[in-house]
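What follows is a short report on a single structure.
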There are 2 protein chains.
Amino acid sequence: MTNKKKITIKDIANVLNISAAAVSKALHDDSRISEKTKKAVRQVAKNLNYQPNHLASALRSGKSKLVGVIVPRTNSNFFSSVIQNIEEVLNKKGYNIIITQSNESYKKECDSIDALLFTQVDGIIASMANETVDLSYYEKIKSKGIPLVLFDRGENDLNVDYIGIDDYKSSKIIVEHLVEQGCKRIAHIGGFKRTRIYNNRIKGYIDTLKKYNLPLDQELLIETNLSIENGRKKMLQLLNIKNRPDAVYVAGDYAVLGALQVLNENNIKVPEEIALVGFGNEPFTDMLTPKITSVNQHSEKIGKLAAETFLNHIKKKTVTQELNKQILDAELIVRDSSYKNKTSLK
Amino acid sequence: MTNKKKITIKDIANVLNISAAAVSKALHDDSRISEKTKKAVRQVAKNLNYQPNHLASALRSGKSKLVGVIVPRTNSNFFSSVIQNIEEVLNKKGYNIIITQSNESYKKECDSIDALLFTQVDGIIASMANETVDLSYYEKIKSKGIPLVLFDRGENDLNVDYIGIDDYKSSKIIVEHLVEQGCKRIAHIGGFKRTRIYNNRIKGYIDTLKKYNLPLDQELLIETNLSIENGRKKMLQLLNIKNRPDAVYVAGDYAVLGALQVLNENNIKVPEEIALVGFGNEPFTDMLTPKITSVNQHSEKIGKLAAETFLNHIKKKTVTQELNKQILDAELIVRDSSYKNKTSLK
DNA sequence: TATATTTGCTTAATCGTTTAAGCAAATATA
DNA sequence: TATATTTGCTTAAACGATTAAGCAAATATA
């Protein structure tokens, strides 16, 4: 029953009375092997149900054909979609991917990097944990000469390829949209400034407020990790200040969900009393009452670009990496939570 | 800058003027190597920043220390949590995991299996795609003698280890809860019968209805894939029958979300007019208005058990696999959507 | 003291593939 | 016809670790 003996190129070679080297070359479509032999080899390989030993070829060639992917978590639509697209592109080129979750923990991220390096991955595509400030582990990847591509949460200081959206511009579009809706006191529940993308969103928020001569109230600008719980907490905090905001732009969909819960629980009308905008366009933003305006981060495109960027690296064989930012325009999806005109969007 | 040369055991051997074999043995704490030499080897290994070449040892030993995990998708809390726990247990034993998503597609699942076999994984832990009926690809895994552990969506016909919850009993608990709330016409939007877990849920639903002498109306029992869209469609279908149900038990949280949207849009009061129960205890069930009653599937425990079951297989070196079901009791989390007593659960 | 056992290493083969180097036969070029 | 090139393979050495077999020196046993 169990297919005991493993078939190797030697077995194929024996059948055809040629050398193992010839078989290897035939299977790789080497130009120095006759078409006739190639056909015969392929046929025998099929008959014997030959499966190449990936470990052997990886050892010999020094290429494992594995790519490591590190994400803060997989259970968000953004990351799972990015991963799916990375996989799609890389599978076509014969790569498999190893996914690891950092759970926003710096320690777990370091462990993941060690594990991936140990597995001899040919490259790493990563989005950093919220906690990560020390970049030495990422430097370790670079120093080993392993291609590193960052997306979404990246650090320019590393001088590696980066793919992400234009966070500054996204904030600008969001604030302008809220201004159009007649909002005058726009709050921002943002991520931590130390993370570049959140810093850019904060900058975009501040600059656009200035542009429209709106109050830049320090009470209205909050930094936090963007969990649901903190979304709730920070929204409550905003409700408790004397001069409440009439709009809240939250830099993450999970946090905006927490914020909405608090507003619903306190019977505050959204968007009439307080308009709400999230970030990430997670599917659930379209499922809540009211549906939440959010920003589509083009996860498909980011995933594809990340994979292609890695492939380019491999092709070019450039040892030196340099900062190469690919910035996409995000797209604001306006839904009920921020649309005050008479006719509902529903 | 770039650490060009890779350090091998040979380099360590050269420094100490001993053979590579001695180094290998020293690093594996072989009893035939003197404590003195071991210490020296460890020290030099550290100094040179030696990283064992996983591919070489994997090739020689025939063990890749990689485990493949196949899930329908990673962006559900259930699967991502299972994965996280599998990873935790296996990492401790020196294994890394390769995660692949089938996206509920049979073809993608087959491709994943091929890719994992190609990568020479030491085992596969999987939850089947909705589409999967043909088990020949899973037989392929078995026939290669690679340990296979199934969870959640498994097929007894494969006669391999299986970890899941007691679906029949879960349905029983749900229906009894609804009966307690005074519901008389309980509908079930279920998964496809061909998938064992959904079949068991359907059976539990039917049997419990019988037990309480409730009508077993064919109009009230619907099979579907449990997407949000189908949750909407099937709920609409239920609303359009002459004698509407007063409770709907949906076999998946995404579908129950769609159902709730439809009820909200039609201003049908939940749970007063129609009570609603989901399955899976996805975090969003706790975030909607009203919060949805759902079933906790113990993803943490399932993940841990799956990993441990794989490890046991490796330890026992049993070539033959046999059906070994580990069934956990699920837990009903009662929330507003099905709780009709005066005092809200909020 | 002679023999047996243990200790601490070395040598060399091996895992399955890739690949540089080489060589004879076939074909092209002069 | 003589020489150069191309074609189609073979041989053998890697890749980096593990491991069976073996051997000399140290230690134990009789």
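In what follows, every chain begins at residue 1, and chains take the letters A, B, ... in the order their sequences are listed. None of the values given here were measured: they were computed from a predicted structure.
Atom NZ of A/Lys63 is separated from atom P of D/dG16 by 12 Å (rounded to the nearest Å). Rounded to a whole Å, the CD atom of B/Gln51 is 19 Å from the P atom of D/dC15. What separates CD1 of B/Ile7 from C1' of D/dA17 is a distance of 15 Å, to the nearest Å. The separation between B/Arg60 atom CZ and D/dA14 atom P is 19 Å, rounded to whole Å.
Here chain B contacts DNA chain C (any atom closer than 4.0 Å to a heavy atom, that is under 4.0 Å), and the contacts span C/dT7 to C/dG16 from 5' to 3'.
Taking the six-membered ring where the residue is Trp, A/Phe151 and A/Phe78 present tilted rings, their angle falling between 30° and 60°. Relative ring orientation between A/His54 and B/Phe118 is described as tilted, the plane-to-plane angle lying within the 30° to 60° band.
Between A/Arg73 and A/Glu109 there is no salt bridge, since no side-chain N of the basic residue sits under 4.0 Å from a carboxylate O of the acidic one. Between A/Glu131 and A/Arg194 there is no salt bridge, since no side-chain N of the basic residue sits under 4.0 Å from a carboxylate O of the acidic one. Salt bridge status for A/Asp11 with A/Lys6: absent, with no side-chain N to carboxylate O gap under 4.0 Å. For B/Asp122 and B/Lys65, the salt-bridge test fails: no basic side-chain N is under 4.0 Å from an acidic carboxylate O. Between A/Glu308 and A/Lys301, no side-chain nitrogen of the basic residue sits less than 4.0 Å from a carboxylate oxygen of the acidic one, so the salt-bridge criterion is not met.
Backbone-only engagement by A/Ser57 is indicated by non-hydrogen atom pairs under 4.0 Å involving sugar-phosphate atoms exclusively. Heavy atoms of B/Thr8 sit under 4.0 angstrom from primed sugar atoms or phosphate atoms, though from no base atom. No engagement by B/Leu55 is indicated, since no non-hydrogen atom pair under 4.0 Å with the nucleic acid exists.
Between B/Ser64 and B/Gln120 the shortest heavy-atom distance is OG-O, 2.5 Å.
When each of B/Thr37 and B/Leu59 is assigned the nucleotide of DNA chain C with its nearest heavy atom, B/Thr37 is the one assigned upstream, toward the 5' end.
In DNA chain D, runs of at least 3 consecutive Watson-Crick or G-U pairs, each pair with both distances below 3.5 Å, span C:1-30 with D:1-30.
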*Can B/Asp114 and B/Lys140 be said to form a salt bridge (charged side-chain N to carboxylate O under 4.0 Å, His left out), step by step?*
CA-CA 9 Å; B/Asp114 276 338; B/Lys140 197 164 152 186; 2.8 Å; yes
*Test salt bridge (charged side-chain N to carboxylate O under 4.0 Å, His left out) on B/Asp157 and B/Arg196 and set out the steps.*
CA-CA 10 Å; B/Asp157 301 346; B/Arg196 198 168 299 261; 3.4 Å; yes
*Hey, mind stepping through A/Leu158 and A/Leu135 against side chain to side chain contact (heavy atoms under 4.5 Å, CB included) and telling me if it holds?*
CA-CA 8 Å; A/Leu158 270 169; A/Leu135 301 177; 4.0 Å; yes
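Residues from residues 20-34 of chain B with heavy atoms under 4.0 angstrom of DNA chain D, sorted by number: B/Ala21, B/Ser24, B/Lys25, B/His28.
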